[in-house]
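Computed from heavy atoms alone, side chains included, the values below leave out hydrogens, waters and symmetry copies. The sequence lines fix the lettering, A, B, ..., with proteins before strands; numbering per chain opens at 1. Bear in mind that the values here come from a model prediction, so they are computed numbers and not experimental data.
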Amino acid sequence: MDNVKVRFAPSPTGPLHIGGARSALFNYLLARRYGGKMVLRIEDTDLERSSRQSEVNIIESLKWLGINWDEGPDVGGDFGPYRQTERLNIYTNYAKELIEKGLAYRCYCSEEELEGQRQAFIAKGELPRYSGCCRNLTKEQEEKFLQEGRKPVVRFKVPADQLVVIDDLVRGTVTFESNGIGDYVIIKSDGIPTYNFAAVIDDYLMQITHVIRAEEHLSNTPRQVMVYEALGWKLPKFAHISLILGKDKTKMSKRHGATSVVQYKEQGYLPEAVVNFLALLGWSSGGEEEIFTMEQLIEQFSLDRVAKNPAVFDMEKLKWINGYYIRQSSVERITDLAIPFLQDAGYLPQDITPEQYEWTKLVVTSVQEKIHSLQEIIDFMKLFVGEKVEFENEEAKLVLKEEQVPRVIEALRTKINEMDIIEPEGVKKALKAITKETKLGGRKVFMPIRVALTGQMHGPDLHYIIAILGKELVEKRLKHTLSKN
RNA sequence: GGCCCGUUGGAGAAGUGGCUUAACUCACCAGCCUUUCACGCUGGCAUUCAGGGGUUCGAAUCCCCUACGGGUCACCA
């Protein structure tokens, strides 16, 4: 494949959606795979809903994921501008060309009239559509409408009795009948082009070779193909990737939980985990591996391994992948990433001292292999902060009633007091020593200490807990729990 | 409703007419490891590919019908 050029063309009407992110990823992977180029184009023709804030969010989310582009509103390029609202004259000129060639026409129908037409069709038991009543207006009729103050839209004249065949890279050959498509608007009454028109003009002018987008656009494609043909332009290759579904098998939406990329960032997912997971939604390598770095994805990605059927977003698998990447990362990296979460939760101040950093690193070390997202660290914090201990249940309470407990606790106090610095390795040795000296099995020593210090019967390694708590808190917690018994 | 797309275990999937008595991963279950939990390791988990017809010596793979799910029919993209 030579000269691959793809584009991701979001409309900035909200934060980057998980489905959009996957479209962007697939485009990016194809471009990088074949040494091609990628364009970011902002389709902001919906003036009502578009915002710069959304554009910024989209760009930041893409960057966070590690997806970058060669041309776009932020980096420029030879085929700009890259915001559709900055290209309006281009679209108008092509619309004029189509009108002159008799392939498009101005329509002066008002919203009410259009609605009336629709109702009339429904009344006759037919499908609601545009009647085509402005197709052959005379100059005089147009003048009259203009004088009435009507603002026309431009409609594309859909040819009758035509088969539009789309050769889709993932879906194969898909055929539509032009008769099922009414004359559709290409320029709105305010002069702004519609999606089906602007996308075609831009894809052509920006020399896009592969249009990879979500399946919801498949039925739009014949409309676009007709524009290419009307203008005498060569078609790009199309690839429509299936939708991402929620657990109930309907299109992924807010009901199903987090839908935007930032939300996943905020919930403590790592970008490489999200990328890995997204890649697996509709694509598979065919091999046994499930873990792929961006580099590996670039090496292996191909459109013919993209599935036709929709994929259900499985949160459990995302968590597993995220947990995997958390375990693979260095303690330092996870610590740096975790600090903002701990600050937000009030466990760390805005400015942290070197001591606090080291302490946080210990916390991270102790939970790194247990968590599936950075946010889950918060759940462990009550184990490490505060003087009081709550028993998780009766069973935990009973552990402290065992007969060897006083001896064990006493031994622990002695060992701790003997230590100048409390650090994990030293504590680990001390605990081992206690099991030896008291001649008790591991559980009889470790469980009471664990319960006395945390109230829980399970959790991170004890020597970390003790090192994180420090001498003072260990003593305070021991006093507190023992007094309750 | 018309048009279009899809349907392999709870989820992602491999499979493109015989190598499949259907890979692999998540989840789940059991065991091992371990001071607990987790991690890790080992094993189990669809005689069957939505259902029904057909084509064929042979079908999850090709064709038809039905069912179900989804998308689209806007001066939204």
remark   = Closest of B/U36, B/A13, B/G12 to the A/Val312 side chain is B/G12
ask   = What nucleic acid atoms does A/Ser285 come within less than 4.0 Å of, heavy atoms only: base, sugar-phosphate, or nothing?
value = nothing
inquiry  = Taking B/U7 as the reference, what is the distance to B/A46 when you measure between their C1' atoms (whole Å, please)?
reply    = 16 Å
task = Would you mind classifying the nucleic acid contact of A/His463 as base, sugar-phosphate or nothing, using non-hydrogen atoms under 4.0 angstrom?
result = base
message = Return the pairing partner of B/C68 with a 3.5 Å limit on both distances, Watson-Crick or G-U wobble; otherwise return none.
response = B/G6
remark   = Rounded to whole Å, OH of A/Tyr325 lies from C1' of B/C26 at a distance of 14 Å
A/Asp314 CG - B/A11 C1' separation (whole Å) = 4 Å
query = With stacking defined as ring centroids separated by under 5.5 Å and planes differing by under 30°, is A/Phe446 stacked against B/U35?
reply = yes
message = Does the structure place the NZ or CZ of A/Arg443 under 6.0 Å from the centre of the six-membered ring of A/Phe446, at an angle of no more than 45° from the ring's axis?
response = no
ask   = So does A/Arg150 pair up with A/Glu113, basic N to acidic O under 4.0 Å?
value = yes
message = Can you tell me which nucleotide in B/U8, B/C26, B/U36 comes closest to the side chain of A/Asn309?
response = B/U8
key: Mate of B/A59 where both pairing distances stay under 3.5 Å, Watson-Crick or G-U   = none
query = Salt-bridged, A/Lys415 to A/Glu410, with N to O below 4.0 Å?
reply = no
Nucleotide paired to B/A46 in any strand shown, Watson-Crick or G-U, under 3.5 Å = none
request  = Provide, to the nearest angstrom, the distance between the CD atom belonging to A/Glu392 and the P atom belonging to B/C37.
outcome  = 12 Å
key: Euclidean distance for C1', B/G12 against B/G6 (whole angstrom)   = 16 Å
message = Distance check, C1' atoms only: B/C62 and B/U21, in whole angstrom units.
response = 24 Å
inquiry  = With nearest nucleotide decided by heavy atoms, which residue, A/Ala311 or A/Leu462, maps closer to the 5′ end of RNA chain B?
reply    = A/Ala311
request  = Can you tell me the pairing partner of B/G1 across any strand shown, Watson-Crick or G-U wobble, with both distances under 3.5 angstrom?
outcome  = B/C73
Toward the 5' end of RNA chain B, by each residue's nearest nucleotide, A/Ile371 or A/Gly282 = A/Gly282
Between P of B/U16 and NZ of A/Lys308, the distance in whole Å = 13 Å
message = Please report the distance, rounded to the nearest Å, between CG in A/Leu431 and P in B/U34.
response = 17 Å
ask   = What nucleic acid atoms does A/Gly182 come within less than 4.0 Å of, heavy atoms only: base, sugar-phosphate, or nothing?
value = nothing
key: Cation-aromatic face contact A/Arg155/A/Tyr130, 6.0 Å, 45 degrees   = yes
note = Nucleotide by nucleotide, nucleotides 68-77 of chain B touches protein heavy atoms under 4.0 Å in the pattern (B base, S sugar-phosphate only, - none) -SSBS--BBB
key: Distance-only polar pair, side chains of A/Gln84 and A/Glu43, donor-acceptor under 3.5 Å   = yes
key: Spacing of A/Leu280 atom CG relative to B/A13 atom P, expressed in whole Å   = 8 Å
task = Could you state the atom-to-atom distance from CG of A/Leu278 to P of B/G12 in whole Å?
result = 15 Å
message = Looking only at the side chain of A/Arg305 (C-beta and beyond, no hydrogens), which of the listed nucleotides B/G15, B/A11, B/C37 gets closest?
response = B/G15
message = For a quick check of understanding: with a heavy-atom distance under 4.0 Å over all strands, which category does A/Arg450 fall into, base, sugar-phosphate or nothing?
response = base
task = Write down the distance separating the C1' atoms in B/U16 and B/U61, rounded off to the nearest Å.
result = 6 Å
query = Pairs in or reaching into residues 180-201 of chain A: which pass ring-ring contact (aromatic ring centres under 6.0 Å, His included), with residues at least two apart or in two chains?
reply = A/Phe156-A/Tyr184, A/Tyr195-A/His217
query = Which base sits across from B/G40 as a Watson-Crick or G-U pair, both distances under 3.5 Å?
reply = B/C32
inquiry  = Using a 4.0 Å heavy-atom cut-off, does A/Lys428 contact any base of the nucleic acid, only the sugar-phosphate backbone, or nothing at all?
reply    = nothing
remark   = Atom CD of A/Gln456 and atom C1' of B/U36 are separated, to the nearest Å, by 11 Å
query = Are the side chain of A/Asp46 and the backbone N or O of A/Glu48 linked by a donor-acceptor pair below 3.5 Å?
reply = yes
ask   = Can you find a heavy atom in the side chain of A/Phe176 that is under 4.5 Å from one in the side chain of A/Val225?
value = no
inquiry  = Checking contacts here: which listed nucleotide (B/C39, B/G6, B/A23) is nearest the side-chain heavy atoms of A/Glu288?
reply    = B/A23
ask   = Do A/Lys317 side-chain and B/U25 base share a donor-acceptor contact under 3.5 Å?
value = yes
Contacts table for residues 276-284 of chain A: side-chain donor-acceptor under 3.5 angstrom, sequence neighbours left out:
from	atom 1	to	atom 2	distance (Å)
A/Asn276	OD1	A/Phe292	N	2.8
A/Asn276	OD1	A/Tyr325	OH	2.7
A/Asn276	ND2	A/Glu290	O	3.0

